Amino acid sequence: MKFLNRITGRTGASPTLSSEESANIGLSLKAMAQVMEHFPIGTRLQYYPEYQKETKIDTIIVAYVVNDFVVYSNRDIQFAETGPEARTMRITQKGNDLPLDRVFSFDVLIPHIERKEIDYARSRENNAAEVVVPTEKNANDFKRGNSITLFCRNARAKGILQVDTEVKKSVVFNSGLYAKRKLVLLTPALESFECVDLRRFNRINTEIPAEIYLESKRTKGECLLQDFSERFVRVEIAKAHRTLHHSLEEGSSVALRISASLNGDQEMVLRGTVYRKRKENVVISLQNLLKQGRFQAIDELDELFIKAAMLEHPNTERE
């Protein structure tokens with residue numbers, strides 16, 4: 001089924017590239033084949049919206065869209081090697097093989113399922129103390145341009161397969177296998193595909209006192225490291241410094257001064273960014289370690305040093 005006429009033209013959508021333009025633009029068929037192999041049509045998987053990693057929603061891939069053709073089965077796509085790196089591609093449509101010398105667009109289709117989320121609005125009345133009023137609202141995950149990360153477990157690799165996508169638009173077909181159903185067109189960032197090894201990022205519980213410094217506000221406060229891996233730490237801000245917690249946003253640059261021993265005779269100073277913020281804590285992605293008076297990028301040896309120092313702390317749980 002030709003997809004172009006369903007969603008372009010009078011709807012105001014961008015027209016398809018001309019053959020002359022598309023000849024100079026091509027996606028990596030090798031990267032496409034990898035994504036299709038691990039995220040095949042019919043796969044039940046999950047996604048999280050707009051970097052909200054704590055929110056996991058079930059979904060399913062119902063089709064691909066390749067060069068404006070809708071494909072409902074991986075069996076209708078064939079890749080053929082033509083050289084050490086190059087590939088060619090064929091799509092089967094109504095029994096006919098369509099060779100594609102160049103792929104200029106690749107999208108996946110998932111159902112458009114509405115969901116609700118709780119919004120914790122804050123209000124003050126008559127100079128009274130601030131109160132939190134929970135209200136329900138539409139999540140609106142599929143606004144054009146939103147980031148959606150698809151992920152699923154890979155038992156063989158003991159990890160999580162994931163790929164970042166961008167919401168292109170919502171569509172409704174007039175005919176076909178999913179006629180009258182509202183679907184979402186997602187464009188994968190092929191270079192973002194990865195398998196996250198869960199064994200490497202096992203988190204270790206601890207309670208290590210530390211000091212956190214928010215660089216943009218030049219403010220600091222006491223905190224408690226609650227768990228860590230080689231590159232991430234989860235931090236709870238002390239109640240006396242809740243204003244600092246409210247000032248932290250995803251992407252904020254912060255520094256941590258950590259007492260790596262109970263008597264405080266060993267300290268580490270780390271720099272990173274807020275990876276995720278929750279009501280009670282923040283997760284920080286570590287990037288730099290203070291060495292010889294200046295911050296330097298954390299390398300593999302630094303990872304082992306940081307982990308060993310935290311494991312040595314008496315408050316860290318050991319198996």
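Atom set for the values below is all heavy atoms of this structure, side chains included, hydrogens, waters and symmetry mates excluded. Just so you know, these numbers come straight off a predicted model, no measurement behind them.
Counting heavy atoms from C-beta outward, Pro188 and Phe193 have side chains that stay 4.5 Å or more apart. Taking 4.5 Å as the limit, some side-chain heavy atom of Tyr213 sits within range of a side-chain heavy atom of Arg218. Taking 4.5 Å as the limit, every side-chain heavy atom of Leu225 sits out of range of all side-chain heavy atoms of Glu236. Contact annotation: the side chain of Leu256 approaches that of Cys223 to within less than 4.5 Å [non-hydrogen atoms, C-beta and beyond]. Proximity of Lys220 to Arg257: side-chain heavy atoms (C-beta onward) are nowhere separated by under 4.5 Å. Here the side chains of Met310 and Val233 are in contact, with some heavy-atom distance below 4.5 Å. The side-chain heavy atoms of Pro49 and Arg115, taken from C-beta on, include a pair separated by under 4.5 Å. Put simply, the side chain of His245 reaches to within 4.5 Å of the side chain of Lys277, judged on heavy atoms.
Under the side-chain contact (heavy atoms from CB on, under 4.5 Å) rule, Phe142 has a single partner from Lys168, Glu114, Lys182, His112, which is His112.
Cluster membership for Leu183 and Tyr72, using ILVMFWY side-chain heavy atoms within less than 4.5 angstrom, is shared. Ile57 and Ile148 fall within a single hydrophobic cluster, where Ile, Leu, Val, Met, Phe, Trp and Tyr side chains are chained together by heavy-atom contacts under 4.5 Å. Ile113 and Leu185 fall into different hydrophobic clusters, where Ile, Leu, Val, Met, Phe, Trp and Tyr residues are linked whenever their side-chain heavy atoms come under 4.5 Å apart, directly or through other members. Both Leu311 and Leu286 sit in one connected hydrophobic cluster of ILVMFWY residues. Membership requires side-chain heavy atoms under 4.5 Å apart, directly or through other members.
Sequence neighbours left out, the pairs with a member in residues 289-298 that pass side chain to side chain donor-acceptor pair (under 3.5 Å) are Lys291-Asp302.
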**OP:** In sequence, state the C-alpha distance, the side-chain angles, and the governing distance for Ile77 and Met89, and then conclude on side chain to side chain contact (heavy atoms under 4.5 Å, CB included).
**Re:** CA-CA 7 Å; Ile77 298 175; Met89 181 179 182; 3.5 Å; yes
Original post:
Please walk me through it: do Val66 and Met36 pass side chain to side chain contact (heavy atoms under 4.5 Å, CB included)?
Top reply: CA-CA 12 Å; Val66 182; Met36 288 178 173; 4.1 Å; yes
Original post:
Stepwise, does the side chain to side chain contact (heavy atoms under 4.5 Å, CB included) test hold for Ile91 with Asn67?
Top reply: CA-CA 10 Å; Ile91 294 177; Asn67 282 15; over 6 Å; no
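At most 12 non-hydrogen atoms from other residues, nucleotides or ligands lie less than 6.0 angstrom from CD of Glu222. Counting non-hydrogen atoms of other residues, nucleotides and ligands closer than 6.0 Å to CD of Glu215 gives a total above 12. For Arg242, the CZ atom sits in a packed shell: over 12 heavy atoms of surrounding residues, nucleotides or ligands are nearer than 6.0 Å.
Formation of a donor-acceptor pair under 3.5 Å by the Thr316 side chain with backbone atoms of Glu312 is not found in this model. Judged by distance alone, with hydrogens and angles left aside, the side-chain atoms of Thr165 form no donor-acceptor pair with the main-chain N or O of Leu186 at under 3.5 Å. Formation of a donor-acceptor pair under 3.5 Å by the Asn138 side chain with backbone atoms of Asn140 is not found in this model. Between the side chain of Gln78 and the main chain of Arg75, a donor-acceptor pair closer than 3.5 Å is present. Between the side chain of Asn288 and the backbone N or O of Ala255 there is no donor-acceptor pair closer than 3.5 Å. Proximity of a side-chain donor or acceptor of Ser252 to a complementary backbone N or O of Val274 within less than 3.5 Å is not detected. No donor-acceptor pair closer than 3.5 Å links the side chain of Lys307 to the backbone N or O of Phe228. For Gln287 (side chain) and Ser285 (main-chain N/O), a donor-acceptor pair under 3.5 Å exists by modelled atom type.
The NZ atom of Lys56 sits 11.5 Å away from atom OG1 of Thr149, with the distance rounded to the nearest 0.5 Å. In this structure, the separation between CD1 on Ile60 and OG1 on Thr43 is 7.5 Å, given to the nearest 0.5 Å. Taking CZ of Phe79 as the reference point, atom CG of Leu100 lies at 9.5 Å (rounded to 0.5 Å). The line from CG of Leu150 to CG of Leu45 is 5.5 Å long, rounded to the nearest 0.5 Å.
At a cut-off of 3.5 Å, with distance as the only test, a side-chain donor of Gln226 or Arg234 sits close to an acceptor on the other residue. Side-chain atoms of Thr206 and Asn315 form no donor-acceptor pair, as typed in the model, at a separation below 3.5 Å.
In the hydrophobic clustering, where aliphatic and aromatic side chains (Ile, Leu, Val, Met, Phe, Trp, Tyr) are joined below 4.5 Å either directly or transitively, Phe295 groups with Val269, Leu290.
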